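Some notes on the structure that comes next.
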2 protein chains.
Amino acid sequence: MNKAVPKRARAKQKRLSPDDRRREFVAKATEFFSEEGFDGGTRDLARRLGVTQPLLYRYFPSKDDLIKEVYRTVYLEPFDAGWEKLLTDRTRPLRERLQEFYQAYTDVIFTRRWLRIYFYAGLKGLDINRWYIGVVEDKILSRIVSECRHEVGLPQQGKPTAPELEMAWVLQSGIFYYGVRKYIFDSPVLEDKRQMIGNALNVFLTGFAQVFSAAGGPARATVKATGRVALA
Amino acid sequence: MNKAVPKRARAKQKRLSPDDRRREFVAKATEFFSEEGFDGGTRDLARRLGVTQPLLYRYFPSKDDLIKEVYRTVYLEPFDAGWEKLLTDRTRPLRERLQEFYQAYTDVIFTRRWLRIYFYAGLKGLDINRWYIGVVEDKILSRIVSECRHEVGLPQQGKPTAPELEMAWVLQSGIFYYGVRKYIFDSPVLEDKRQMIGNALNVFLTGFAQVFSAAGGPARATVKATGRVALA
DNA sequence: ATAGTTGGTGATCAGGCGATAAACAATCAT
DNA sequence: ATGATTGTTTATCGCCTGATCACCAACTAT
């Protein structure tokens, strides 16, 4: 049993402040759990941290508490207050605002770390996930719908309708799933993310204008005034 | 310890053929794993089946083998050969074919069972998931692109381009994620699935026509002939 | 130098896991 | 009815898990 020489081994890493060390643990735990899932063992995690397993329990009362901190950092980290202003800044063309927003947004969430934690949490049925979806709807999608309505000359009658919001979800999801395919399924995707976003926006904006504006040009598909689809 | 009366208790359920019983096990295991994840215990599973845990090992050599059978049934079950024909049947309007296809397709995969297994498998990094994505691309998306090209009068020059295929993914994902929100995240969605699909298709088809057809009408957004987006 | 506080480890516990073996119960062929 | 065969359970094994406790090492203040 080679238990000796603990001095030298640890002498290299300088002593961090307790808070910093804690944060370091959370950061590495995030990486670990995003790979192994939340059923990953505390011993494996500790090994990855270069410490022994009981030490975790000095910093966190239980594994669940550690996991909760992981959630918090992952979910709260990305949201940039500037995005709301960007989306509603009518001094710039809508197309340009959306392109810039989706590039910035996907720069943040299109990581293996973020996406995997997101789905692990979702499959667990945690509230935090529904909360996040609500935030996306409030801060992003309903703004986008409002701006689209303005763009095509529709009245700004308060909240977006449910079909409009759902259509914004279709756009959002179409872009979002590019990241899922790439980072969760390791599936090949169009290399140029910018181009994917650009095309998605072009199709969405032209389509939205013709489908949702009552006074739109001769729509290619038959749509009643209510937005309900006339099937064949 | 009440160990007696095993006769009566089991007398009710008639004896099934071995194969049927096996299938019943797989079916209920699918349900179980879709809820608990594949880390769910074999004892819990057995309790759900109304039998004891060791019995599972008479029907399946190991837990992993059982899981593989679960995958097989879930992934192979849905694919309907008729869908390819439906998508390419040019005697009917494209809009109508797509609406019918996506309604049928989502009728099959929009279940808590299917979607959750799909993501559990995906997070594990299993090949079967990449395989499925490839199938979707070959059997569904490239057909859709071909049909769209035909619809807008573009030449049928073999395979779809990468940007076109990616655009089809945006449509597919936009629709697919409706099910994810509803059945995985238990999040409220537009009640009328048919309407969601209809609107998504309307926007996509009108948008696609104007964005991807070189000779399209006056597109609202600036797009070079290559499909690459001109930013601002 | 010494006492006190904090950072970290080794040993260990109770419980749950997947899996196995031996015994019992029920059915079937004759 | 009897023996063979299949279906099912009880008991158990070795391993791994999250968590705890007593102890050791290191830095800080005096």
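To find a chain, count down the sequence lines: A is the first, B the second, and so on, and within it residues start at 1. As the structure is a computational prediction, the values presented were derived from the model and not from experiment.
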Using whole Å, what does the distance between atom [atom2] of nucleotide [N] and atom [atom1] of [X] come to?
{"X": "B/Phe25", "N": "D/dG7", "atom1": "CZ", "atom2": "P", "value": "11 Å"}
{"X": "A/Leu45", "N": "D/dT17", "atom1": "CG", "atom2": "P", "value": "12 Å"}
{"X": "B/Arg21", "N": "C/dA26", "atom1": "CZ", "atom2": "C1'", "value": "13 Å"}
{"X": "B/Tyr59", "N": "C/dA19", "atom1": "OH", "atom2": "C1'", "value": "18 Å"}
{"X": "A/Arg47", "N": "C/dG10", "atom1": "CZ", "atom2": "P", "value": "13 Å"}
{"X": "A/Leu55", "N": "C/dT6", "atom1": "CG", "atom2": "P", "value": "15 Å"}
{"X": "B/Arg22", "N": "D/dG7", "atom1": "CZ", "atom2": "P", "value": "12 Å"}
{"X": "A/Arg58", "N": "D/dA19", "atom1": "CZ", "atom2": "P", "value": "16 Å"}

> In the 5'-to-3' direction, what one-character label does each nucleotide of nucleotides 12-18 of chain C receive under the scheme B = base within less than 4.0 Å of a protein heavy atom, S = sugar-phosphate only, - = no such atom?
Replying inline: B----BB
>> If we check ring-ring contact (aromatic ring centres under 6.0 Å, His included) with A/Trp114, which of these qualifies: A/Tyr183, A/Tyr132, A/Tyr120?
In response: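 Answer after filtering A/Tyr183, A/Tyr132, A/Tyr120: A/Tyr132.
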> Which residue pairs satisfy the salt bridge (charged side-chain N to carboxylate O under 4.0 Å, His left out) criterion with at least one member in residues 115-127 of chain B, sequence neighbours excluded?
Replying inline: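 Every salt bridge (charged side-chain N to carboxylate O under 4.0 Å, His left out) pair that includes a residue of residues 115-127 of chain B, provided the two are not neighbours, is B/Asp127-B/Arg130.
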> Has the side chain of A/Lys63 got a donor or acceptor atom that lies under 3.5 Å from a matching backbone atom of A/Phe38?
Replying inline: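 Yes; at least one donor-acceptor contact below 3.5 Å.
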>> Quick test of your reading of the model: are B/Glu100 and B/Arg92 salt-bridged, counting only N-O distances below 4.0 Å?
In response: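 B/Arg92 and B/Glu100: salt-bridged.
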>> Does this structure show an ion pair linking B/Glu35 with B/Arg113, if we count only N-O contacts that are shorter than 4.0 Å?
In response: no
> Excluding sequence neighbours, so at least two apart, what forms ring pair (Phe, Tyr, Trp, His ring centres under 6.0 Å) with A/Tyr177?
Replying inline: B/Phe176
